Amino acid sequence: MKAALVAARTVAGRLLLGVATVWALATLVFLSLRLLPGDPAALVLGDLATAEERAALRRSLHLDEPLLAQYGRFLWGIARLDLGASLRHPTRGAFALALEAFWPTASFSLVAVSMGAVFGTAAGGLSASRLLGGGRRLVHAMTLGVAAIPLLGLAPVATYALAVRARALPLPGDPDAGVAGALFAATLLALPLGAQVARATRAALRELGRAQFLTVAKAKGAGELRVLALHALPAVSGPILTVIGTQLGALLGGAIVLERLFERPGLGTVMIQAYAARDLPVLEAGIVASGALFVLTQALFATLHAAVDPRVRRA
Amino acid sequence: MRRWLGLLPIALLAAAAVAWAATTSGSPTRLVLERSWASPGPGLPLGAGEGGVDLAAAVAHGTVRALGLALVVSSLGFLIGAPLGALAGLRGGAVASAVARACDLVQAFPTFLLALAVLAAVRSPSRLHLVFVFSVAAWAPFARMALAEARVLRSSAFVDAARALGAGTARLALRHVLPNLLGPVAVQAGSSAAAVVLGEAALGFLGLGPRDGVSLGAILEQGVVGMLLAPHVLVVGALSVGLVSGALQLASESLQRDP
(Lines give C-alpha, C1' and ligand atoms only; values in the text may rest on other atoms or scores of the structure.)
Protein backbone atom coordinates (compact mmCIF):
# COMPACT_ATOMS: atom_id res chain seq x y z
CA MET A 1 0.00 0.00 0.00
CA LYS A 2 2.71 2.40 1.03
CA ALA A 3 4.83 1.40 -1.96
CA ALA A 4 1.91 2.14 -4.28
CA LEU A 5 1.53 5.58 -2.72
CA VAL A 6 5.24 6.34 -3.20
CA ALA A 7 5.06 5.13 -6.80
CA ALA A 8 2.00 7.32 -7.45
CA ARG A 9 3.87 10.32 -6.06
CA THR A 10 6.88 9.60 -8.27
CA VAL A 11 4.67 9.41 -11.36
CA ALA A 12 2.81 12.58 -10.39
CA GLY A 13 6.11 14.43 -9.82
CA ARG A 14 7.42 13.31 -13.20
CA LEU A 15 4.25 14.41 -14.96
CA LEU A 16 4.36 17.77 -13.21
CA LEU A 17 7.96 18.30 -14.31
CA GLY A 18 6.99 17.30 -17.85
CA VAL A 19 4.10 19.76 -17.94
CA ALA A 20 6.40 22.49 -16.56
CA THR A 21 8.98 21.80 -19.29
CA VAL A 22 6.39 21.98 -22.06
CA TRP A 23 4.98 25.18 -20.55
CA ALA A 24 8.48 26.73 -20.41
CA LEU A 25 9.14 25.75 -24.03
CA ALA A 26 5.77 27.11 -25.15
CA THR A 27 6.39 30.39 -23.29
CA LEU A 28 9.87 30.82 -24.79
CA VAL A 29 8.51 30.12 -28.27
CA PHE A 30 5.66 32.57 -27.71
CA LEU A 31 8.01 35.29 -26.47
CA SER A 32 10.66 34.81 -29.15
CA LEU A 33 8.11 35.01 -31.95
CA ARG A 34 6.63 38.22 -30.51
CA LEU A 35 9.33 40.10 -28.62
CA LEU A 36 12.38 39.68 -30.83
CA PRO A 37 12.89 42.71 -33.05
CA GLY A 38 11.13 42.41 -36.38
CA ASP A 39 7.44 42.46 -37.22
CA PRO A 40 6.17 38.90 -37.73
CA ALA A 41 3.63 40.18 -40.25
CA ALA A 42 6.44 41.71 -42.32
CA LEU A 43 8.41 38.44 -42.09
CA VAL A 44 5.42 36.45 -43.30
CA LEU A 45 4.33 38.75 -46.13
CA GLY A 46 7.72 39.97 -47.29
CA ASP A 47 8.81 43.51 -48.10
CA LEU A 48 6.36 44.12 -50.94
CA ALA A 49 3.20 43.90 -48.84
CA THR A 50 1.21 47.07 -48.20
CA ALA A 51 0.56 48.47 -44.73
CA GLU A 52 -3.11 47.40 -44.95
CA GLU A 53 -2.18 43.81 -45.78
CA ARG A 54 0.17 43.67 -42.81
CA ALA A 55 -2.45 45.16 -40.50
CA ALA A 56 -4.99 42.58 -41.71
CA LEU A 57 -2.56 39.73 -41.03
CA ARG A 58 -1.70 41.14 -37.61
CA ARG A 59 -5.42 41.21 -36.83
CA SER A 60 -6.02 37.65 -37.98
CA LEU A 61 -3.03 36.40 -35.93
CA HIS A 62 -4.24 38.53 -32.99
CA LEU A 63 -0.87 40.30 -32.90
CA ASP A 64 -2.62 43.66 -32.31
CA GLU A 65 -3.89 42.60 -28.87
CA PRO A 66 -2.00 43.32 -25.63
CA LEU A 67 0.76 40.76 -24.98
CA LEU A 68 -0.92 39.26 -21.92
CA ALA A 69 -4.17 38.67 -23.79
CA GLN A 70 -2.18 37.02 -26.61
CA TYR A 71 -0.40 34.82 -24.07
CA GLY A 72 -3.69 33.73 -22.51
CA ARG A 73 -5.13 32.96 -25.94
CA PHE A 74 -1.96 31.02 -26.84
CA LEU A 75 -2.01 28.81 -23.71
CA TRP A 76 -5.76 28.22 -24.06
CA GLY A 77 -5.16 27.31 -27.71
CA ILE A 78 -2.54 24.73 -26.71
CA ALA A 79 -4.87 23.26 -24.10
CA ARG A 80 -7.57 22.86 -26.77
CA LEU A 81 -5.05 21.79 -29.45
CA ASP A 82 -6.17 24.71 -31.60
CA LEU A 83 -3.68 27.42 -32.54
CA GLY A 84 -5.65 28.64 -35.54
CA ALA A 85 -5.35 27.78 -39.22
CA SER A 86 -2.14 27.33 -41.16
CA LEU A 87 -1.12 30.40 -43.18
CA ARG A 88 -0.03 28.30 -46.13
CA HIS A 89 -3.03 25.98 -46.14
CA PRO A 90 -5.78 28.20 -44.69
CA THR A 91 -8.30 25.35 -44.68
CA ARG A 92 -6.19 23.20 -42.35
CA GLY A 93 -5.73 23.63 -38.60
CA ALA A 94 -2.12 24.06 -37.48
CA PHE A 95 -2.29 21.26 -34.91
CA ALA A 96 -4.04 18.94 -37.37
CA LEU A 97 -1.11 19.34 -39.79
CA ALA A 98 1.42 18.63 -37.02
CA LEU A 99 -0.40 15.61 -35.60
CA GLU A 100 -0.96 14.11 -39.03
CA ALA A 101 2.79 14.07 -39.61
CA PHE A 102 3.39 12.48 -36.23
CA TRP A 103 2.84 8.83 -37.18
CA PRO A 104 5.71 8.41 -39.71
CA THR A 105 8.09 10.09 -37.26
CA ALA A 106 6.99 7.97 -34.31
CA SER A 107 7.04 4.61 -36.11
CA PHE A 108 10.47 5.29 -37.61
CA SER A 109 11.91 6.38 -34.24
CA LEU A 110 10.44 3.33 -32.50
CA VAL A 111 11.97 0.92 -35.02
CA ALA A 112 15.41 2.59 -34.83
CA VAL A 113 15.45 2.74 -31.04
CA SER A 114 14.35 -0.90 -30.69
CA MET A 115 17.09 -2.02 -33.06
CA GLY A 116 19.62 0.10 -31.18
CA ALA A 117 18.46 -1.39 -27.87
CA VAL A 118 18.99 -4.95 -29.16
CA PHE A 119 22.42 -4.20 -30.70
CA GLY A 120 23.50 -2.20 -27.68
CA THR A 121 22.47 -4.63 -24.95
CA ALA A 122 24.12 -7.49 -26.80
CA ALA A 123 27.36 -5.57 -27.42
CA GLY A 124 27.44 -4.16 -23.89
CA GLY A 125 26.80 -7.60 -22.38
CA LEU A 126 29.50 -9.23 -24.53
CA SER A 127 32.06 -6.53 -23.73
CA ALA A 128 31.51 -6.91 -19.98
CA SER A 129 31.37 -10.73 -19.77
CA ARG A 130 33.93 -13.44 -20.35
CA LEU A 131 31.95 -15.11 -23.12
CA LEU A 132 34.29 -13.97 -25.87
CA GLY A 133 37.51 -14.09 -23.89
CA GLY A 134 39.87 -11.47 -25.31
CA GLY A 135 37.24 -10.59 -27.92
CA ARG A 136 35.40 -8.44 -25.42
CA ARG A 137 38.08 -5.74 -25.77
CA LEU A 138 37.49 -5.70 -29.51
CA VAL A 139 33.73 -5.32 -28.97
CA HIS A 140 34.33 -2.49 -26.51
CA ALA A 141 36.74 -0.71 -28.86
CA MET A 142 34.19 -1.03 -31.66
CA THR A 143 31.40 0.52 -29.59
CA LEU A 144 33.70 3.39 -28.60
CA GLY A 145 34.58 3.95 -32.24
CA VAL A 146 30.97 3.90 -33.42
CA ALA A 147 29.93 6.23 -30.60
CA ALA A 148 32.56 8.76 -31.68
CA ILE A 149 31.23 9.05 -35.27
CA PRO A 150 28.44 11.63 -35.47
CA LEU A 151 25.38 10.42 -37.37
CA LEU A 152 25.32 13.76 -39.16
CA GLY A 153 28.50 12.76 -40.97
CA LEU A 154 27.93 9.01 -41.16
CA ALA A 155 24.44 8.94 -42.67
CA PRO A 156 25.08 10.83 -45.92
CA VAL A 157 28.37 9.02 -46.54
CA ALA A 158 26.79 5.61 -45.95
CA THR A 159 23.88 6.55 -48.21
CA TYR A 160 26.31 7.59 -50.93
CA ALA A 161 28.50 4.51 -50.62
CA LEU A 162 25.80 1.84 -50.26
CA ALA A 163 22.82 3.25 -52.12
CA VAL A 164 24.28 5.54 -54.79
CA ARG A 165 27.60 3.90 -55.67
CA ALA A 166 27.24 0.22 -54.85
CA ARG A 167 23.47 0.27 -55.40
CA ALA A 168 23.30 -2.54 -52.86
CA LEU A 169 20.50 -0.83 -50.96
CA PRO A 170 17.62 1.47 -51.87
CA LEU A 171 17.72 5.18 -51.05
CA PRO A 172 16.28 5.73 -47.56
CA GLY A 173 13.73 8.25 -48.78
CA ASP A 174 12.73 6.46 -51.99
CA PRO A 175 8.93 6.05 -51.83
CA ASP A 176 9.11 3.01 -54.15
CA ALA A 177 11.52 1.20 -51.86
CA GLY A 178 9.01 1.28 -49.02
CA VAL A 179 10.02 -0.80 -46.03
CA ALA A 180 13.53 -1.58 -47.29
CA GLY A 181 14.50 2.10 -47.42
CA ALA A 182 13.06 2.72 -43.99
CA LEU A 183 14.93 -0.31 -42.60
CA PHE A 184 18.23 0.91 -44.08
CA ALA A 185 17.77 4.34 -42.51
CA ALA A 186 16.72 2.81 -39.19
CA THR A 187 19.80 0.54 -39.16
CA LEU A 188 22.11 3.51 -39.75
CA LEU A 189 20.40 5.40 -36.98
CA ALA A 190 20.51 2.36 -34.69
CA LEU A 191 24.33 2.16 -34.86
CA PRO A 192 25.16 5.25 -32.75
CA LEU A 193 22.13 4.64 -30.54
CA GLY A 194 23.27 1.07 -29.96
CA ALA A 195 26.78 2.26 -29.12
CA GLN A 196 25.40 4.51 -26.39
CA VAL A 197 23.25 1.70 -25.00
CA ALA A 198 26.30 -0.59 -25.07
CA ARG A 199 28.37 1.88 -23.06
CA ALA A 200 25.61 2.28 -20.46
CA THR A 201 25.11 -1.51 -20.27
CA ARG A 202 28.82 -2.17 -19.85
CA ALA A 203 29.20 0.51 -17.19
CA ALA A 204 26.22 -0.84 -15.22
CA LEU A 205 27.40 -4.46 -15.52
CA ARG A 206 30.89 -3.56 -14.33
CA GLU A 207 29.43 -1.70 -11.38
CA LEU A 208 27.43 -4.81 -10.57
CA GLY A 209 30.79 -6.60 -10.58
CA ARG A 210 30.83 -9.90 -8.73
CA ALA A 211 27.55 -9.44 -6.89
CA GLN A 212 26.69 -12.31 -4.59
CA PHE A 213 23.61 -13.42 -6.50
CA LEU A 214 25.75 -13.90 -9.61
CA THR A 215 28.20 -16.08 -7.67
CA VAL A 216 25.28 -18.12 -6.35
CA ALA A 217 23.95 -18.59 -9.89
CA LYS A 218 27.39 -19.73 -11.03
CA ALA A 219 27.76 -22.09 -8.06
CA LYS A 220 24.46 -23.68 -9.06
CA GLY A 221 26.08 -24.53 -12.37
CA ALA A 222 24.75 -21.77 -14.66
CA GLY A 223 26.95 -21.07 -17.67
CA GLU A 224 28.42 -17.65 -18.50
CA LEU A 225 25.63 -16.87 -21.01
CA ARG A 226 22.87 -17.91 -18.62
CA VAL A 227 24.30 -15.78 -15.80
CA LEU A 228 24.57 -12.81 -18.14
CA ALA A 229 21.17 -13.07 -19.82
CA LEU A 230 19.02 -14.30 -16.94
CA HIS A 231 20.69 -12.81 -13.88
CA ALA A 232 22.99 -9.85 -14.60
CA LEU A 233 21.14 -8.07 -17.45
CA PRO A 234 17.73 -7.94 -15.72
CA ALA A 235 19.43 -6.42 -12.67
CA VAL A 236 20.77 -3.51 -14.75
CA SER A 237 17.66 -3.00 -16.89
CA GLY A 238 16.91 0.28 -15.08
CA PRO A 239 19.80 2.40 -16.35
CA ILE A 240 19.46 0.84 -19.82
CA LEU A 241 15.78 1.83 -19.93
CA THR A 242 16.67 5.41 -19.01
CA VAL A 243 19.18 5.68 -21.86
CA ILE A 244 16.67 4.22 -24.33
CA GLY A 245 13.98 6.61 -23.14
CA THR A 246 16.25 9.62 -23.55
CA GLN A 247 17.12 8.46 -27.05
CA LEU A 248 13.51 7.97 -28.09
CA GLY A 249 12.65 11.42 -26.75
CA ALA A 250 15.62 12.97 -28.53
CA LEU A 251 14.66 11.28 -31.82
CA LEU A 252 11.09 12.53 -31.63
CA GLY A 253 12.34 16.02 -30.76
CA GLY A 254 15.23 15.90 -33.24
CA ALA A 255 13.16 14.59 -36.12
CA ILE A 256 13.93 17.71 -38.17
CA VAL A 257 17.55 16.75 -38.79
CA LEU A 258 16.84 13.05 -39.25
CA GLU A 259 14.12 13.60 -41.79
CA ARG A 260 16.26 15.99 -43.79
CA LEU A 261 19.15 13.54 -43.54
CA PHE A 262 17.14 10.58 -44.80
CA GLU A 263 14.67 12.62 -46.87
CA ARG A 264 11.71 11.02 -45.15
CA PRO A 265 8.35 12.69 -44.42
CA GLY A 266 7.19 13.48 -40.88
CA LEU A 267 6.81 16.03 -38.15
CA GLY A 268 10.27 17.50 -38.74
CA THR A 269 9.55 18.08 -42.42
CA VAL A 270 6.31 19.86 -41.55
CA MET A 271 8.21 22.13 -39.15
CA ILE A 272 11.02 22.94 -41.55
CA GLN A 273 8.50 23.81 -44.27
CA ALA A 274 6.63 25.99 -41.78
CA TYR A 275 9.92 27.65 -40.88
CA ALA A 276 10.80 28.34 -44.52
CA ALA A 277 7.36 29.83 -45.23
CA ARG A 278 7.22 31.56 -41.83
CA ASP A 279 3.92 29.75 -41.24
CA LEU A 280 3.82 30.80 -37.59
CA PRO A 281 0.77 28.84 -36.32
CA VAL A 282 2.11 25.56 -37.75
CA LEU A 283 5.58 26.29 -36.41
CA GLU A 284 4.19 26.95 -32.93
CA ALA A 285 2.00 23.84 -33.04
CA GLY A 286 4.84 21.66 -34.34
CA ILE A 287 7.34 22.86 -31.73
CA VAL A 288 4.92 22.48 -28.82
CA ALA A 289 3.74 19.05 -30.05
CA SER A 290 7.25 17.64 -30.52
CA GLY A 291 8.42 19.21 -27.26
CA ALA A 292 5.54 17.52 -25.47
CA LEU A 293 6.38 14.17 -27.10
CA PHE A 294 10.03 14.52 -26.13
CA VAL A 295 9.19 15.29 -22.52
CA LEU A 296 6.40 12.73 -22.14
CA THR A 297 8.58 9.94 -23.52
CA GLN A 298 11.26 10.73 -20.98
CA ALA A 299 8.70 10.82 -18.17
CA LEU A 300 7.24 7.49 -19.33
CA PHE A 301 10.64 5.80 -19.30
CA ALA A 302 11.58 7.27 -15.93
CA THR A 303 8.35 5.79 -14.59
CA LEU A 304 9.18 2.42 -16.17
CA HIS A 305 12.59 2.65 -14.57
CA ALA A 306 10.97 3.20 -11.17
CA ALA A 307 8.64 0.26 -11.86
CA VAL A 308 11.47 -2.22 -12.54
CA ASP A 309 13.93 -0.83 -9.97
CA PRO A 310 12.64 -0.26 -6.42
CA ARG A 311 15.86 1.60 -5.49
CA VAL A 312 14.88 4.56 -7.69
CA ARG A 313 11.53 5.10 -6.03
CA ARG A 314 13.05 6.23 -2.78
CA ALA A 315 15.07 9.02 -4.42
CA MET B 1 50.39 12.87 -18.73
CA ARG B 2 47.91 10.65 -20.63
CA ARG B 3 45.23 12.99 -19.41
CA TRP B 4 46.70 15.87 -21.37
CA LEU B 5 47.55 13.75 -24.40
CA GLY B 6 43.82 13.50 -25.17
CA LEU B 7 43.71 17.26 -25.63
CA LEU B 8 46.31 17.15 -28.39
CA PRO B 9 44.01 16.36 -31.38
CA ILE B 10 41.58 19.20 -30.71
CA ALA B 11 44.45 21.63 -30.03
CA LEU B 12 46.11 20.68 -33.32
CA LEU B 13 42.81 20.93 -35.24
CA ALA B 14 42.05 24.34 -33.74
CA ALA B 15 45.55 25.63 -34.44
CA ALA B 16 45.46 24.36 -38.04
CA ALA B 17 42.01 25.91 -38.65
CA VAL B 18 43.01 29.28 -37.20
CA ALA B 19 46.30 29.31 -39.13
CA TRP B 20 44.63 28.39 -42.44
CA ALA B 21 41.76 30.87 -41.93
CA ALA B 22 44.24 33.65 -41.15
CA THR B 23 46.67 33.02 -44.02
CA THR B 24 44.58 31.70 -46.92
CA SER B 25 43.63 34.07 -49.69
CA GLY B 26 40.48 32.01 -50.37
CA SER B 27 37.17 33.25 -49.01
CA PRO B 28 34.50 31.00 -47.48
CA THR B 29 31.73 33.03 -49.11
CA ARG B 30 33.02 34.18 -52.51
CA LEU B 31 31.31 32.39 -55.38
CA VAL B 32 33.25 31.64 -58.58
CA LEU B 33 30.67 29.98 -60.79
CA GLU B 34 33.01 28.55 -63.40
CA ARG B 35 34.75 26.37 -60.82
CA SER B 36 31.54 24.96 -59.27
CA TRP B 37 32.04 21.46 -57.83
CA ALA B 38 35.69 21.49 -59.00
CA SER B 39 37.82 18.58 -57.78
CA PRO B 40 40.83 19.22 -55.56
CA GLY B 41 43.75 20.66 -57.50
CA PRO B 42 46.36 23.39 -57.44
CA GLY B 43 45.05 26.46 -55.60
CA LEU B 44 42.06 24.47 -54.27
CA PRO B 45 43.46 21.89 -51.84
CA LEU B 46 40.01 20.48 -50.97
CA GLY B 47 38.27 21.40 -54.20
CA ALA B 48 35.27 23.68 -54.61
CA GLY B 49 31.63 23.27 -53.61
CA GLU B 50 28.31 24.67 -54.76
CA GLY B 51 28.84 27.89 -56.68
CA GLY B 52 32.62 27.39 -56.59
CA VAL B 53 33.19 28.10 -52.91
CA ASP B 54 36.77 27.36 -51.82
CA LEU B 55 36.18 24.34 -49.55
CA ALA B 56 39.48 24.60 -47.67
CA ALA B 57 38.65 28.17 -46.66
CA ALA B 58 35.07 27.15 -45.81
CA VAL B 59 36.25 24.27 -43.60
CA ALA B 60 38.82 26.46 -41.81
CA HIS B 61 36.41 29.33 -41.17
CA GLY B 62 33.58 26.93 -40.28
CA THR B 63 35.78 25.12 -37.76
CA VAL B 64 36.99 28.39 -36.20
CA ARG B 65 33.42 29.63 -35.82
CA ALA B 66 32.07 26.34 -34.47
CA LEU B 67 34.88 26.13 -31.91
CA GLY B 68 34.43 29.82 -31.03
CA LEU B 69 30.72 29.30 -30.43
CA ALA B 70 31.43 26.17 -28.36
CA LEU B 71 34.01 28.07 -26.30
CA VAL B 72 31.65 30.99 -25.62
CA VAL B 73 28.67 28.79 -24.77
CA SER B 74 30.56 26.44 -22.47
CA SER B 75 32.29 29.36 -20.71
CA LEU B 76 28.92 31.03 -20.16
CA GLY B 77 27.49 27.74 -18.92
CA PHE B 78 30.42 27.34 -16.53
CA LEU B 79 30.28 30.95 -15.27
CA ILE B 80 26.54 30.72 -14.57
CA GLY B 81 26.27 27.10 -13.52
CA ALA B 82 29.28 26.59 -11.23
CA PRO B 83 28.59 29.43 -8.74
CA LEU B 84 24.86 28.71 -8.79
CA GLY B 85 25.34 25.02 -8.06
CA ALA B 86 28.01 25.69 -5.43
CA LEU B 87 25.83 28.15 -3.52
CA ALA B 88 22.83 25.83 -3.71
CA GLY B 89 24.91 22.92 -2.46
CA LEU B 90 26.20 24.99 0.46
CA ARG B 91 22.82 26.32 1.47
CA GLY B 92 21.12 22.95 1.07
CA GLY B 93 17.43 22.54 1.84
CA ALA B 94 14.83 24.23 -0.33
CA VAL B 95 17.38 26.22 -2.37
CA ALA B 96 19.28 23.08 -3.34
CA SER B 97 16.16 21.20 -4.35
CA ALA B 98 14.88 24.21 -6.32
CA VAL B 99 18.15 24.39 -8.28
CA ALA B 100 18.11 20.61 -8.80
CA ARG B 101 14.53 20.81 -10.15
CA ALA B 102 15.49 23.69 -12.44
CA CYS B 103 18.37 21.57 -13.77
CA ASP B 104 15.96 18.69 -14.44
CA LEU B 105 13.67 21.05 -16.30
CA VAL B 106 16.41 22.58 -18.41
CA GLN B 107 18.21 19.32 -19.16
CA ALA B 108 15.00 17.80 -20.47
CA PHE B 109 14.68 20.86 -22.70
CA PRO B 110 14.57 20.38 -26.47
CA THR B 111 17.16 23.04 -27.37
CA PHE B 112 16.82 22.38 -31.07
CA LEU B 113 13.14 23.30 -31.09
CA LEU B 114 13.85 26.57 -29.30
CA ALA B 115 16.52 27.33 -31.90
CA LEU B 116 13.95 26.86 -34.64
CA ALA B 117 11.57 29.36 -33.00
CA VAL B 118 14.23 31.99 -32.30
CA LEU B 119 15.75 31.75 -35.78
CA ALA B 120 12.29 31.93 -37.38
CA ALA B 121 11.47 35.11 -35.50
CA VAL B 122 14.40 37.21 -36.69
CA ARG B 123 15.00 38.58 -40.13
CA SER B 124 18.68 37.68 -40.36
CA PRO B 125 19.92 35.21 -37.73
CA SER B 126 23.33 36.01 -36.27
CA ARG B 127 25.83 34.17 -34.08
CA LEU B 128 24.52 36.05 -31.04
CA HIS B 129 21.17 34.34 -31.47
CA LEU B 130 22.95 30.98 -31.55
CA VAL B 131 24.84 31.85 -28.35
CA PHE B 132 21.55 32.73 -26.68
CA VAL B 133 19.79 29.55 -27.82
CA PHE B 134 22.56 27.19 -26.73
CA SER B 135 23.18 29.03 -23.44
CA VAL B 136 19.57 28.59 -22.29
CA ALA B 137 20.37 24.98 -21.45
CA ALA B 138 24.19 25.04 -21.19
CA TRP B 139 24.42 26.00 -17.52
CA ALA B 140 22.44 23.00 -16.22
CA PRO B 141 25.08 20.23 -16.35
CA PHE B 142 27.63 22.56 -14.71
CA ALA B 143 25.19 23.52 -11.95
CA ARG B 144 24.26 19.88 -11.36
CA MET B 145 27.92 18.84 -10.96
CA ALA B 146 28.78 21.83 -8.78
CA LEU B 147 25.78 21.03 -6.58
CA ALA B 148 26.89 17.44 -6.07
CA GLU B 149 30.52 18.44 -5.43
CA ALA B 150 29.53 21.19 -2.99
CA ARG B 151 27.39 18.74 -1.02
CA VAL B 152 30.40 16.48 -0.57
CA LEU B 153 32.77 19.34 0.26
CA ARG B 154 30.31 20.87 2.73
CA SER B 155 30.69 17.95 5.07
CA SER B 156 34.48 17.68 4.71
CA ALA B 157 36.76 18.36 7.67
CA PHE B 158 38.51 21.48 6.34
CA VAL B 159 35.18 23.22 5.71
CA ASP B 160 34.07 22.30 9.23
CA ALA B 161 37.34 23.78 10.53
CA ALA B 162 36.83 27.03 8.61
CA ARG B 163 33.26 27.26 9.87
CA ALA B 164 34.46 26.69 13.44
CA LEU B 165 36.90 29.56 12.94
CA GLY B 166 33.92 31.79 12.24
CA ALA B 167 33.80 31.98 8.44
CA GLY B 168 30.39 32.98 7.01
CA THR B 169 28.62 31.33 4.07
CA ALA B 170 30.05 33.77 1.51
CA ARG B 171 33.61 33.28 2.73
CA LEU B 172 33.17 29.51 2.91
CA ALA B 173 31.87 29.48 -0.64
CA LEU B 174 34.48 31.76 -2.16
CA ARG B 175 37.62 30.70 -0.27
CA HIS B 176 37.06 27.04 0.50
CA VAL B 177 34.42 25.38 -1.61
CA LEU B 178 34.54 27.09 -5.01
CA PRO B 179 38.30 26.63 -5.62
CA ASN B 180 37.99 22.93 -4.83
CA LEU B 181 35.11 22.20 -7.13
CA LEU B 182 36.19 24.28 -10.14
CA GLY B 183 38.45 21.53 -11.50
CA PRO B 184 35.95 18.65 -11.50
CA VAL B 185 33.20 20.91 -12.84
CA ALA B 186 35.32 22.46 -15.60
CA VAL B 187 35.81 18.95 -17.01
CA GLN B 188 32.15 19.11 -18.11
CA ALA B 189 33.14 21.82 -20.62
CA GLY B 190 34.47 19.20 -23.06
CA SER B 191 31.18 17.37 -23.53
CA SER B 192 29.27 20.67 -23.55
CA ALA B 193 31.49 21.96 -26.33
CA ALA B 194 31.11 18.75 -28.34
CA ALA B 195 27.32 19.02 -28.08
CA VAL B 196 27.40 22.66 -29.22
CA VAL B 197 29.59 21.84 -32.24
CA LEU B 198 27.21 19.09 -33.34
CA GLY B 199 24.17 21.29 -32.68
CA GLU B 200 25.61 24.13 -34.71
CA ALA B 201 26.50 21.77 -37.55
CA ALA B 202 22.95 20.34 -37.50
CA LEU B 203 21.47 23.85 -37.70
CA GLY B 204 23.84 24.74 -40.54
CA PHE B 205 22.90 21.51 -42.32
CA LEU B 206 19.26 22.60 -42.26
CA GLY B 207 20.23 26.06 -43.49
CA LEU B 208 19.18 27.64 -40.19
CA GLY B 209 22.45 29.26 -39.25
CA PRO B 210 23.64 32.82 -39.87
CA ARG B 211 22.95 34.18 -43.34
CA ASP B 212 26.54 33.98 -44.62
CA GLY B 213 26.19 30.19 -44.44
CA VAL B 214 29.72 29.59 -43.11
CA SER B 215 29.29 26.41 -41.10
CA LEU B 216 30.56 22.84 -41.22
CA GLY B 217 26.94 21.73 -41.47
CA ALA B 218 26.44 23.88 -44.58
CA ILE B 219 29.35 22.10 -46.30
CA LEU B 220 27.75 18.77 -45.45
CA GLU B 221 24.48 20.04 -46.92
CA GLN B 222 26.28 20.98 -50.16
CA GLY B 223 27.79 17.51 -50.15
CA VAL B 224 24.36 15.88 -49.92
CA VAL B 225 23.00 18.11 -52.70
CA GLY B 226 25.97 17.45 -54.98
CA MET B 227 26.42 13.78 -54.05
CA LEU B 228 26.23 12.61 -57.67
CA LEU B 229 28.24 15.48 -59.19
CA ALA B 230 31.06 15.85 -56.71
CA PRO B 231 31.38 13.21 -53.98
CA HIS B 232 34.52 14.91 -52.61
CA VAL B 233 32.36 17.69 -51.11
CA LEU B 234 30.42 15.10 -49.12
CA VAL B 235 33.65 13.48 -47.92
CA VAL B 236 35.11 16.85 -46.87
CA GLY B 237 31.94 17.86 -45.02
CA ALA B 238 31.44 14.55 -43.23
CA LEU B 239 35.12 14.25 -42.28
CA SER B 240 35.37 17.78 -40.90
CA VAL B 241 32.21 17.44 -38.77
CA GLY B 242 33.38 14.01 -37.59
CA LEU B 243 36.95 15.08 -36.80
CA VAL B 244 36.05 18.21 -34.85
CA SER B 245 33.33 16.59 -32.75
CA GLY B 246 35.36 13.40 -32.32
CA ALA B 247 38.43 15.33 -31.13
CA LEU B 248 36.31 17.28 -28.63
CA GLN B 249 34.78 14.05 -27.32
CA LEU B 250 38.20 12.48 -26.96
CA ALA B 251 39.37 15.56 -25.03
CA SER B 252 36.36 15.45 -22.75
CA GLU B 253 36.76 11.72 -22.07
CA SER B 254 40.46 11.93 -21.31
CA LEU B 255 39.78 14.82 -18.90
CA GLN B 256 37.00 12.90 -17.18
CA ARG B 257 39.21 9.87 -16.59
CA ASP B 258 40.37 9.86 -12.99
CA PRO B 259 43.94 11.05 -12.75
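The figures here come from the full heavy-atom set of this structure, side chains too, leaving out hydrogens, waters and symmetry mates. Since this is a predicted model, take the numbers as computed values, not measurements. Every chain is numbered from 1 and lettered A, B, ... according to where its sequence line falls, protein lines coming before strand lines.
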Under 6.0 Å from the [atom1] atom of [X], do we count more than 12 heavy atoms belonging to anything else shown?
X	atom1	answer
B:Arg91	CZ	no
A:Arg199	CZ	no
A:Tyr71	OH	yes

* To do: May I ask you to name which of B:Leu203, B:Thr111, B:Val136, B:Leu119 has the most heavy-atom pairs under 4.5 Å with chain A?
  =>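 Greatest number of close heavy-atom pairs with chain A: B:Leu119.
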* Between chain A and each of B:Met227, B:His129, B:Glu221, count heavy-atom pairs under 4.5 Å; write down the option with the most. =>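 Most pairs with chain A among the choices: B:Met227.
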Under 4.5 Å from any heavy atom of chain B, what part of [X] do you find: side chain, backbone, both or neither?
X	value
A:Ile287	both
A:Tyr160	both
A:Leu283	side chain
A:Val164	side chain
A:Ala147	backbone

* Any chance you could measure B:Leu116, atom CG, to A:Ile256, atom CD1, to the nearest 0.5 Å? =>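 It is 4.5 Å, given to the nearest 0.5 Å.
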* Asked: Roughly how far apart are B:Leu234 CG and A:Thr159 OG1, rounded to 0.5 Å?
  ->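 The CG atom of B:Leu234 sits 8.5 Å away from the OG1 atom of A:Thr159.
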* Asked: Do B:Phe112 and A:Val257 come within less than 4.5 Å of each other through their side chains, counting heavy atoms only?
  ->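 Yes, side chains in contact.
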* **Contact summary for B:Ala117 and A:Leu33, nearest pair of heavy atoms** =>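 What the structure gives for the nearest pair is O-CD2, 3.7 Å.
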* **Shortest non-hydrogen contact from A:Leu28 toward B:Leu114** =>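 Taking A:Leu28 first and B:Leu114 second, the nearest heavy atoms are CB-CD1, 3.7 Å.
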* Part of B:Val241 lying under 4.5 Å from any heavy atom of chain A ->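 Looking at B:Val241, backbone and side chain both touch chain A.
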* Given the options A:Leu261, A:Val22, A:Leu144, which has more heavy-atom pairs under 4.5 Å with chain B than any of the others? ->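 Looking at each option in turn, the highest pair count goes to A:Leu261.
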* Looking at A:Ser32, A:Gly286, A:Ala24, A:Ala274, which has the largest count of heavy-atom pairs under 4.5 Å with chain B? ->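 The answer is A:Ser32.
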